[in-house]
Amino acid sequence: MTSSPNTVLRLALLVFAALIVQISGFERILVLGGQLDLVALVVAAIALSGGSVPGALTGFSAGLLLDLALGQNLGVSSLVLTIVGYGVGRYAELRDPGHGLIPIPVAVVATAGYGLGIAVVSFMLEIGASVSALVFRDMLLTMLFNAIVALPVFALVRRLLRSALLVDPRARRRRAPVRSGPIGLRGLGL
Amino acid sequence: MYDKKVVRRRRAVLGALVGLSLILLTAYFGSPTGGIGGGLHAIQRGAQETLAPIESGATHAFKPFSDLAGWTGDVLDAKGENGRLKDEVARLREGLARAQTDQREAEQLRELVGLPLRAGFPVEVDRLTARVIARSPTVWYSAVQIDAGTADGVRVDQPVIAGAGLVGKVTSATTETATVTLITDASSAVSAEVMPDGAHGVVKPEVGKPNDLLLDFIEKGGEVTIGATVVTSGVSSSKGLGSLFPRGIPIGKVTRSEREELELYQRVHLAPFADLRRLDIVQVLRSKPAAERAQVLSP
């Protein structure tokens, strides 16, 4: 991913919009007690398209903004989302996934990683109350909802960042068939 | 083959960001008024104030969608709730008749011994209505942002209620906004009393169960009636120290009680009156009742 001012501005606007929509909109829309987590999804989408460094930087910024906006302990969300963004980005760099459905498992794993990460850090910090097993039910519901909306969200993020991407996996997948070759084999349909 | 320079750069970025997060995490736990911790809290308050108008606008924009989702859920729950409410109305009618008789008797007895009438919630409390503009996306931090701040008289530690009962307390405030930590937050503990049984305990949350609070530290021998109302007790310990919450704010209704053999206390479960996952409008109690204030201040 190129790091032009235009790209940075787009990323910042994307993360900011996702955060506002999440904390002022989706937080009130509960289905079966669960809800969508757009912030983790957008971080994963940017990391999958841009790689580990943009993923980690986006995760850190999104987490910091989340903690600042909600008066939470600073550093908790940024620590977890940095690792989620880096992990998804490294997966994209190592495996170079081109399959059209790859956003679904990536969204599920990123959401699970974010939920578990926050739980672990919270336990290490100051949780004095007992914890219900329903926490895992809510986490599973969030993973399910994020999986459902993963394809359009990842497509939207990729579309917004297309000009900054060095390699677009979808474009590579749609590469035109080779029509040239050794002179003797042309036109034989081999 | 990977370029060593690229690998080093990638690792350096990750290390720097993780390190920075850990530094923020450590510094934030410092003093909220001075030093680095104070600076971070000030930055956070500034950010909240800046974001408040945007959050408020987004809340209004999303209201139709959240109302639709809420309406769908309400319709699904309505049938079961209807039967439950009919039973409750019958029980409350019976209780009301008993309470009216008791009240008449109490008034007569008070006149006999010359006791002053004690002011309690919600008669003399100055309330400020505010709208919820943002809330945390994880169950580990149960906090909401409201669109009222110090300019409206909101101060840290003021209790917050919704129409039906206690919601939480103000934990930080800027000029235009305030953060309300809910009673479902892992750090919350509210001294409470079961009415009319009189048993005292501490209401604590169970993370992940916003509709099931725990009333802990109730003596095993104490009788707790299922369906009894739990209210704030107004004292934070047996020494009679004043609580942040005035006496008598309804918290919830007892749903069941657990008496473990090896435990010293029984654990009582209660369903909160306020729907803590779908808060739109709340009220901040800006002052305590006069009589209660006098009691807290006097030695």
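Letters go in sequence order (proteins before strands), and every chain restarts at 1.
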Please state whether the side chain, the backbone, both or neither of Val39(A) comes within less than 4.5 Å of a heavy atom of chain B. neither
Step-by-step side chain to side chain contact (heavy atoms under 4.5 Å, CB included) determination, Val7(B) to Arg11(B): CA-CA 6 Å; Val7(B) 174; Arg11(B) 288 180 183 164; 3.6 Å; yes
Contact leader toward chain A among Leu14(B), Leu24(B), Val144(B), Ile54(B), where contacts are heavy-atom pairs under 4.5 Å: Leu14(B)
For residues 142-154 of chain A, run the donor-acceptor check on the side chains, cut-off 3.5 Å, and write out each pair with its distance to 0.1 Å, sequence neighbours left out.
residue: Thr142(A); atom: OG1; partner: Gln35(A); partner atom: O; Å: 3.1
residue: Thr142(A); atom: OG1; partner: Asp138(A); partner atom: O; Å: 2.9
residue: Asn146(A); atom: OD1; partner: Asp37(A); partner atom: N; Å: 3.0
residue: Asn146(A); atom: ND2; partner: Asp37(A); partner atom: O; Å: 3.2
residue: Asn146(A); atom: ND2; partner: Thr111(A); partner atom: OG1; Å: 2.8

Select, from Gln145(B), Lys63(B), Gln48(B), Glu49(B), the one with the greatest count of heavy-atom pairs under 4.5 Å involving chain A. Gln48(B)
Partner chain B: residue of Leu38(A), Val53(A), Leu65(A), Leu74(A) with the largest heavy-atom pair count (under 4.5 Å): Leu74(A)
The interface call for Val18(B) against chain A, heavy-atom contacts under 4.5 Å, is both
If one checks every heavy atom of Gln22(A) against chain B at 4.5 Å, the contacting part turns out to be side chain
Leading residue by heavy atom contact count with chain A [cutoff under 4.5 Å; candidates Ala58(B), Ser188(B), Ala189(B)]: Ala58(B)
Need one label for Ile23(B): side chain, backbone, both or neither, based on atoms under 4.5 Å from any heavy atom in chain A. neither
Checking Thr255(B) side chain against His269(B) main chain: does a donor-acceptor pair fall under 3.5 Å? yes
Residue Thr59(B) versus chain A: region with a heavy atom under 4.5 Å: both
Asp280(B) versus chain A, the contacting section by heavy-atom distance below 4.5 Å: both
Which one wins on heavy-atom pair count under 4.5 Å against chain B: Gly59(A), Ser78(A), Ala69(A)? Ala69(A)
If you look at every heavy atom in Ile133(B) and Ala52(B), which pair is closest and at what distance? CD1-O, 3.9 Å
Taking Thr150(B) for the side chain and Thr174(B) for the main chain, is one N or O donor matched with an acceptor at less than 3.5 Å? yes
Please check: side-chain N/O of Arg10(A) versus main-chain N/O of Leu160(A), any donor-acceptor pairing under 3.5 Å? yes
Between Ser52(A) and Glu93(A), do the side chains contain an N or O donor and an N or O acceptor separated by less than 3.5 Å? yes
Nearest heavy-atom pair of Leu48(A) and Val88(A): which atoms, and what distance? N-CG1, 3.8 Å
Residue among Leu64(A), Leu36(A), Ile83(A), Thr82(A) with most heavy-atom pairs under 4.5 Å to chain B: Thr82(A)
Between Phe16(A) and chain B, which part of the residue has a heavy atom less than 4.5 Å away: side chain, backbone, both or neither? side chain
Please tell me whether Ser56(B) and Asp147(B) have a donor and an acceptor in their side chains that are separated by less than 3.5 angstrom. no
